[in-house]
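Here the structure comes first, spelled out in structure tokens, and everything after it is commentary.
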Amino acid sequence: MRFPRTLVAYLTLFFLLMLSSQSSAQLQQAPLGMNLSGIKDWSTQLPFVDVFKSARDWIPQNVNGGSWNTGDSLTLTSNGWIARRESGMAAATLLCRSLDGNYPAGEYICLYDGEGILQFGFDAAELSSEPGRMVLNVTPGNGGIYVKLVSTNPANPLRNIRVIMPGYESSYQTEPFYPPFLDMLAGYPVLRFMDWMETNNSPLISWENRTKPESFSLAGEHGASVETMIQLANLLDINPWFCMPHQADDNFIQQFATSVKQQLKPTLTPYLEYSNEVWNGQFTQAQYAQQKGLNEGLSTNPFEAQLRYYAQRSVEIFAIWDGVFGSGNYTRVLASQSANPWTAATILDWNNAASNADVLAIAPYFGSRFGSPGREAEVEQWSVEQLLDSCTAEISNQYNRMLANFGEASSRGLELIAYEAGQHLAGNGGVENNTIIEELFKDANRHERMKDLYLQYLAAWNNAGGGLMAMFSSCGRYSKWGSWGILEYQQSVWQDAPKYNALQEYLSGITGIAPVKDVSPVTFLLGENYPNPFNPQTTIRFSLLESATVELSIFDVSGHLVRTLADGWLEAGNYSLRWNGTHQSGEPVSSGTYFYQLKNGSEVETKQMTLLK
């Protein structure tokens with residue numbers, strides 16, 4: 001028997017608040033997972049001792065210099081190597097680019113098959129050469145290793161290039177992973193391969209076009225080979241989390257499942273997810289799902305059609321994997337937007353998708369609001385201490401959202417987990433170009449207090465009933481686009497990395513799970529409007545956990561009231577209200593930025609939207 005959702009929400013909140021008053025010894029610690037950073041020549045994560053596995057796509061150039069990229073077409077073999085060279089043309093690639101010297105120095109060995117001529121530059125200089133083998137002296141800087149193929153024999157093309165770190169020539173074939181990379185991942189029970197698979201905006205459709213172990217590079221738009229991911233999971237004895245490309249056909253899904261079944265250790269349990277953040281309109285997978293949902297008549301509301309198609313295709317993919325693995329031998333993931341529990345309900349309830357899944361996954365980041373244009377003038381005046389204090393309060397807000405999502409999952413018999421998690425101090429909507437805020441966010445991520453914030457955040461997740469939490473992400477340089485890396489560089493001094501140290505302390509069990517204190521449950525949750533930007537109308541969704549008198553209003557950038565969409569008593573439940581871009585009088589408003597605010601007594605939440613005409 002299913003209880004009414006309002007009652008479930010009340011019971012969930014009551015139970016978890018009671019739980020938060022218990023001693024830490026009574027709470028079971030949720031496991032941690034890790035999202036791996038993508039494989040790129042410019043990634044500060046160094047997964048392989050053969051750095052050519054992370055090579056950039058070939059760049060067409062002239063043999064004798066000139067333009068960096070001539071724009072000419074290159075003739076490639078089926079595995080991506082240069083098949084032949086037109087007269088006067090060359091092809092170049094880059095390794096270990098823009099790493100500020102944070103990669104190993106010394107004598108690298110370049111091995112290759114076939115016949116041709118390679119030249120090296122930037123951080124690398126040739127010391128000696130013989131057919132098939134070159135010795136390079138590498139002095140790490142920001143330029144990286146420049147590789148230029150100036151000649152190849154079409155009858156026996158130069159191929160299978162390997163550029164091996166110092167000391168690994170005799171072992172790279174049997175031990176391909178860089179030991180510090182493996183050390184960084186020790187102790188995590190799950191690795192999410194979303195970025196390794198180039199899941200976001202993936203063009204991959206057919207199995208024949210996948211990346212193979214013998215492919216030119218693992219850094220291309222089709223992502224890493226399934227064989228490489230399984231090899232890493234087996235070596236570390238870690239459960240892998242795979243994200244299926246949104247356009248992948250049924251044969252791709254079948255073949256991928258078969259490869260995992262045949263190669264993965266039988267003691268490991270894979271996680272399976274359809275794409276990534278299909279609710280998120282910035283990705284092509286969201287646009288694809290919306291169009292498919294509308295075409296199939298799943299709803300006349302574009303966003304609802306999008307979410308329903310995601311649920312439907314996920315269940316279809318699960319059925320294919322069931323035929324290979326059998327039911328219960330892998331973990332079926334349905335994911336939704338943490339800030340908008342309505343998305344979870346819509347996905348889980350479409351054709352009873354929840355009955356065909358094992359977990360609901362969200363990304364309960366903290367700190368994202370501090371990078372919004374509406375907070376720019378305020379935040380750029382803050383000290384790092386003020387920002388960290390505000391993050392502490394933000395974790396309390398996230399705790400309440402965790403509770404709401406736990407209610408959606410548990411009421412349908414599912415576990416709540418996190419597909420991504422951590423701080424989200426990143427500018428958006430133009431704020432990413434504010435260098436004061438960029439440096440403030442970087443400083444906060446490097447501050448010793450960030451360790452305590454992460455431990456508080458993990459305590460909140462545990463108290464909210466969360467299961468596995470996959471942190472985002474393993475290693476990455478801080479920039480205006482965010483400070484996502486748990487480590488900034490593979491070569492980082494780990495003792496000086498507060499986020500890394502917090503996770504290691506949590507994994508070791510040194511830190512008990514402290515109850516969340518001084519947190520008052522929210523009475524509502526305000527979702528993101530959709531679409532955004534919009535023209536001529538947008539939909540604003542919110543959820544009331546209890547009946548209340550609420551006010552939903554629109555304001556312009558000067559703080560002037562534009563329109564009130566709701567003002568009065570509403571029963572507990574989920575609501576969707578449309579704004580057609582007009583004043584209270586019915587006159588159209590001009591293009592620009594607007595704010596929508598939901599208010600219940602002293603409880604207020606405001607979000608931003610943009611009208612483009």
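Treat the numbers as computed from the prediction; the structure is a model and nothing was measured. One-based numbering along the sequence shown.
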Only residue of Tyr271, Phe193, Tyr188 satisfying ring pair (Phe, Tyr, Trp, His ring centres under 6.0 Å) with Trp241 is Tyr271

Check: Gln423/Tyr365 side-chain N/O donor and acceptor closer than 3.5 Å: no

When the ring planes of Tyr310 and Tyr274 are compared, do they come out parallel, tilted or perpendicular, using 30° and 60° as the limits? parallel

Quick one, Trp58 and Trp81 - any side-chain contact, counting heavy atoms below 4.5 Å? yes

Could you check whether Asp100 and Tyr489, counting side-chain N and O atoms only, form a donor-acceptor pair closer than 3.5 Å? yes

Are Glu208 and Arg210 close enough for a salt bridge, meaning some N to O gap below 4.0 Å? no

Just by distance, no angles: are the side chains of Glu277 and Tyr419 close enough, under 3.5 Å, to form a donor-acceptor pair? yes

Mind checking whether Tyr478 and Trp484 have ring centres under 6.0 Å apart? no

Pair Asp322 + Lys261, salt bridge at N-O below 4.0 Å: no

Sidechain N-carboxylate O distance under 4.0 Å for Arg162, Asp50: no

Less than 4.0 angstrom from a charged side-chain N to a carboxylate O is my criterion; do Arg332 and Glu273 meet it? no

Measure the shortest side-chain to side-chain distance between Thr267 and Asp237 over non-hydrogen atoms and say whether it is less than 4.5 angstrom. yes

Verify the distance criterion only: is there a donor paired with an acceptor across the side chains of Ser473 and Ser37 at less than 3.5 Å? yes

Go through it in stages, so that I can follow the logic: the residues are Arg446 and Glu488, the test is salt bridge (charged side-chain N to carboxylate O under 4.0 Å, His left out), and I'd like the CA-CA distance, side-chain angles, deciding distance and then a yes or no. CA-CA 10 Å; Arg446 295 172 180 138; Glu488 291 188 64; 2.8 Å; yes

